[in-house]
S.K.: 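Before I ask anything, let me first share the structure, which is written out below as structure tokens.
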Amino acid sequence: MNLEENIIKTVQQAIQELYQSELPVEQIALQDTRKEFEGQITIVTFPFIKFSKKSPEQTAQDLGSYLQVKIEKIVGFNVVKGFLNLAIADDFWVDQLYSDISKESYGQFPANGKKVMVEYSSPNTNKPLHLGHVRNNLLGYSVAAILEASGCEVVKVNLVNDRGIHICKSMLAWQKFGNGETPESCQLKGDHLVGKYYVIFDKEYKKQIEELKTAGQTEDEAKKNAPIIREAQEMLQKWEAGDEAVLNLWKKMNRWVYSGFAETYKKLGVDFEKFYYESDTYILGKDIIEEGLEKSVFFKKPDGSVWIDLTADGLDEKLVLRSDGTSVYITQDLGTAQLKFNDFKMDESIYVVGNEQDYHFKVLFLILQKLGKTWAKGLYHLSYGMVDLPSGKMKSREGTVVDADDLISEMVNTAKYRTEELGKVEGFSIEEKQELYQMIGLGALKYFLLKVEPKKRLLFDPNESIDFQGNTGPFIQYTHARIKSVLSKASLATSHSGIYTSALNSVERDLIVILHKYPEVIQGAAKDHSPAQIANYVFELAKLYNKFYHEEPILKAEEESVKQFRLSLSAATAAVIKKSMKLLGIAVPDKM
RNA sequence: GCACCCAUAGCUCAGCUGGAUAGAGCAACGGUUUUCUAAACCGUAGGUCAUAGGUUCGAAUCCUAUUGGGUGUACCA
């Protein structure tokens, strides 16, 4: 039993003994003591006064005295209004540092037997990745890492949208205007090449719409009748009919795209255990429609289309199968959900998808529940806000997107420039420099995107480069390098035989207290699916360490025992920084 | 129209299931380097937590209404 649990239990006992009342655990709120007061752990006593029939202050006093007697590690307390601040013995904290925090496995929870699938990235194969995808990828990767640390078994999957009218658009434009161009022939990454033809299609399409409009058609008519869109639709039909020429072209262009994506994924450092392809899964779901009809969860309209009525749940009537018997988006998602469960039998399944699909997932999950799928309760839509530019939303067809590859290389370049400016890379080899710039540039980008709560929309101004100072990735990386530098200049005792006897000063204590919180932070982040909580935590930690570093000499500490203690504290901090950053998918350098 | 999400310092964001005097970073201003990496540290200034009610011993946090912004509401995906 850890100290916090012990305190909670003892508070219950106290209420029982002092006031003869049963206190539910939920009513006991432990919080960090605010830094202007003495102590490390605070209990809010307001909820207890209905049992004590005394003032909050008096109740806190009674409770404080009781706890101090019962729990050895509580060496003092003070009461401010209704707040009971407990001072925990220094040797408790020192012991925490040596016994727990310094462990290699600190922050890795034992397996909890839960299997979780994280589906993320899920790109379309008609254009390269942009900043919005980057947010998605980093979120998915990080959430998976956090869940793993919390003890789950995690399966990362990518559901690639590799078919449909949008792919046909790129294919058609390439066929018409491409002159046999290939990634090799034009020295362009495959996904960018395909994206180029997607834009070309759109230009041509718009041109044709204008022509038809001047010829007297309405906007809607023109959109439907433009020859190029018709051709694209024909191509899609041929694709579905298995036309060999179309399939070959499709395979060729998708290969280009995949090699491009693979490069970007590698740079971002994300990976997947399994890929699902919509070209395989789009036919799925029809049997679920049957099942739903049998169970009367769905109903058929006279024209043959199949629907579900969700008005009782505050939603609408939703089409699940077209009158011609073909699937819609949700049909295949129903089927794919079943397929994924059959494949992995996971307890939870997380979909990392933007918030514009909130409604879709609400409907999807509700339908699966109504169908009586027991696993449906484990489905979770990790919805995140859009990444906006100052000019508004990114639109790939209009070319107002921040391209992922461009952004990454810009970040790396900026890192290079900043680092050279500071003149800190003497003695680095060419390769080491390159590696460092990658680390810093990507660290800045990843931290920037992950530090905000997923739900919130994110503003990215391409004209204002991402910061390298303050609450940033490089600041935390720098703190790590700083610690490593100190450690490399000293020999850290391998045994902690000489237990630290002097009193801790307040920064040292604060530092251990925050290190001690790390496992709890992981649990919280895992529960809320929120890398932002890890980001905020590691920033707090780095900031506090820098304060410590500035105020207290380490190598030049007066006594050897103090020096050894501070080295241990530094080493533990570096380790937790490194682990935390790893949960964000960010590497930290030993020198920078 | 209806549904969902968001609104906290000039800017970008924290603020856990309600708890102390609402916190950081950037930008601004001032200071710190013969001492372990100044991508750092210390300080000053900056707030009607969108507005109005309500619940509560206590509300940025919960409820209701209003305003402003976003998204969705297709036999598109």
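Letters A, B, ... are given to chains in the order of the sequence lines, protein chains preceding strands, and every chain is numbered from 1.
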S.K.: If we take the C1' atom in both B/U51 and B/U67, what is their distance in whole Å?
M.R.: 7 Å
S.K.: Do we count A/F46 as stacking onto B/G19 if the rule is ring centres under 5.5 Å and planes under 30°?
M.R.: yes
S.K.: Using the P atom in both, what is the distance from B/C36 to B/G30, to the nearest Å?
M.R.: 27 Å
S.K.: Checking all strands, does A/E278 fall into the base, sugar-phosphate, or nothing category for heavy-atom contacts under 4.0 angstrom?
M.R.: sugar-phosphate
S.K.: Tell me, please, whether A/Y277 has A/R163 positioned over its six-membered ring: NZ or CZ under 6.0 Å from the ring centre and within 45 degrees of its axis?
M.R.: no
S.K.: Would you indicate which nucleotide in B/U71, B/U21, B/U73 comes nearest to any side-chain atom of A/Y359?
M.R.: B/U73
S.K.: Write down the distance separating the P atoms in B/C29 and B/G54, rounded off to the nearest Å.
M.R.: 45 Å
S.K.: For A/Y351, is the NZ or CZ atom of A/K340 found under 6.0 angstrom from the centre of its six-membered ring and inside 45 degrees of the ring axis?
M.R.: yes
S.K.: Could you pick out which residue, A/I49 or A/V44, lies toward the 5' side of RNA chain B when each is mapped onto its nearest nucleotide?
M.R.: A/V44
S.K.: Quote, to the nearest angstrom, the C1' distance that separates B/A59 from B/U8.
M.R.: 14 Å
S.K.: Is a donor from one side chain sitting under 3.5 angstrom from an acceptor on the other, for A/N505 and A/E552?
M.R.: yes
S.K.: Could you tell me how far apart A/E540 (CD) and B/G25 (C1') are, to the nearest whole angstrom?
M.R.: 11 Å
S.K.: What distance, rounded to whole Å, do you find between the two P atoms, one in B/U55 and one in B/U48?
M.R.: 26 Å
S.K.: Which nucleotide, B/A24, B/A20, B/C75, lies nearest any side-chain atom of A/R322?
M.R.: B/C75
S.K.: Let me have RNA chain B in dot-bracket notation, would you? Count Watson-Crick plus G-U wobble pairs, both distances under 3.5 Å, and use [ ] for pairs crossing earlier ones and | for inter-strand partners.
M.R.: (((((((..((((.....[...)))).(((((.......))))).....(((((..]....))))))))))))....
S.K.: Regarding A/R457 and A/N355, is there a side-chain donor-to-acceptor distance under 3.5 Å anywhere?
M.R.: no
S.K.: Please work out if A/P47 contacts a base, only the sugar-phosphate, or nothing of the nucleic acid, heavy-atom cut-off 4.0 Å.
M.R.: base
S.K.: Go through the side-chain N and O atoms of A/D162 and A/T125 and say whether any donor and acceptor fall under 3.5 Å apart.
M.R.: no
S.K.: Which value, in whole Å, describes the distance between the P atoms of nucleotides B/A45 and B/A40?
M.R.: 23 Å
S.K.: Could you tell me the separation between the CG atom of A/N124 and the P atom of B/C76, rounded to a whole number of Å?
M.R.: 17 Å
S.K.: Do A/T479 and A/N546 get their side chains close enough for a donor-acceptor pair, meaning under 3.5 Å?
M.R.: yes
S.K.: Looking only at the side chains, is there a donor atom on one of A/N85 and A/T42 sitting less than 3.5 Å from an acceptor on the other?
M.R.: yes
S.K.: Say we look at B/C4 and B/C63: how far apart would their P atoms be, to the nearest angstrom?
M.R.: 12 Å
S.K.: Checking contacts here: which listed nucleotide (B/G15, B/A77, B/U12) is nearest the side-chain heavy atoms of A/E453?
M.R.: B/G15
S.K.: Is it true that A/S305 and A/S323 share a donor-acceptor pair across their side chains at a distance under 3.5 Å?
M.R.: no
S.K.: Calculate the interatomic distance between A/L236 atom CG and B/A77 atom C1'; express it in whole Å.
M.R.: 12 Å
S.K.: For A/Y329 and for A/K527, find the nucleotide of RNA chain B with the closest heavy atom, then tell me which residue's nucleotide is more 5'.
M.R.: A/K527
S.K.: Side chains of A/N471 and A/Y447: is there a donor and an acceptor less than 3.5 Å apart?
M.R.: yes
S.K.: Take atom CD of A/E356 and atom C1' of B/G72, then tell me their distance rounded to the nearest Å.
M.R.: 9 Å
S.K.: What is the distance, to the nearest angstrom, from the NZ atom on A/K35 to the C1' atom on B/U21?
M.R.: 12 Å
S.K.: Any base atoms under 4.0 Å from A/N126, or only sugar-phosphate, or nothing? Heavy atoms, all strands.
M.R.: nothing
S.K.: Could you give the CD-to-P distance, from A/Q31 to B/A20, as a whole number of Å?
M.R.: 7 Å
S.K.: Are A/S530 and A/E453 close enough that a side-chain donor and a side-chain acceptor fall under 3.5 Å?
M.R.: yes
S.K.: Classify the nucleic acid contact of A/N161 as base, sugar-phosphate or nothing, counting any heavy atom under 4.0 Å across all strands shown.
M.R.: sugar-phosphate
S.K.: Quick one: what's the B/S/- string for nucleotides 34-45 of chain B, heavy-atom cutoff under 4.0 Å, read 5' to 3'?
M.R.: -SBBSBSSS---
S.K.: Could you tell me the separation between the CD1 atom of A/I229 and the C1' atom of B/C76, rounded to a whole number of Å?
M.R.: 11 Å
S.K.: When the ring centroid of A/F468 is compared with that of A/F475, is the distance short of 6.0 Å?
M.R.: no
S.K.: Measure the distance from OH on A/Y447 to P on B/A14 and round it to the nearest whole Å.
M.R.: 11 Å
S.K.: Quantified in whole Å, what is the P atom distance between nucleotide B/U64 and nucleotide B/C5?
M.R.: 11 Å
S.K.: Is A/R457 touching bases, backbone alone, or none of the nucleic acid, heavy atoms closer than 4.0 Å?
M.R.: sugar-phosphate
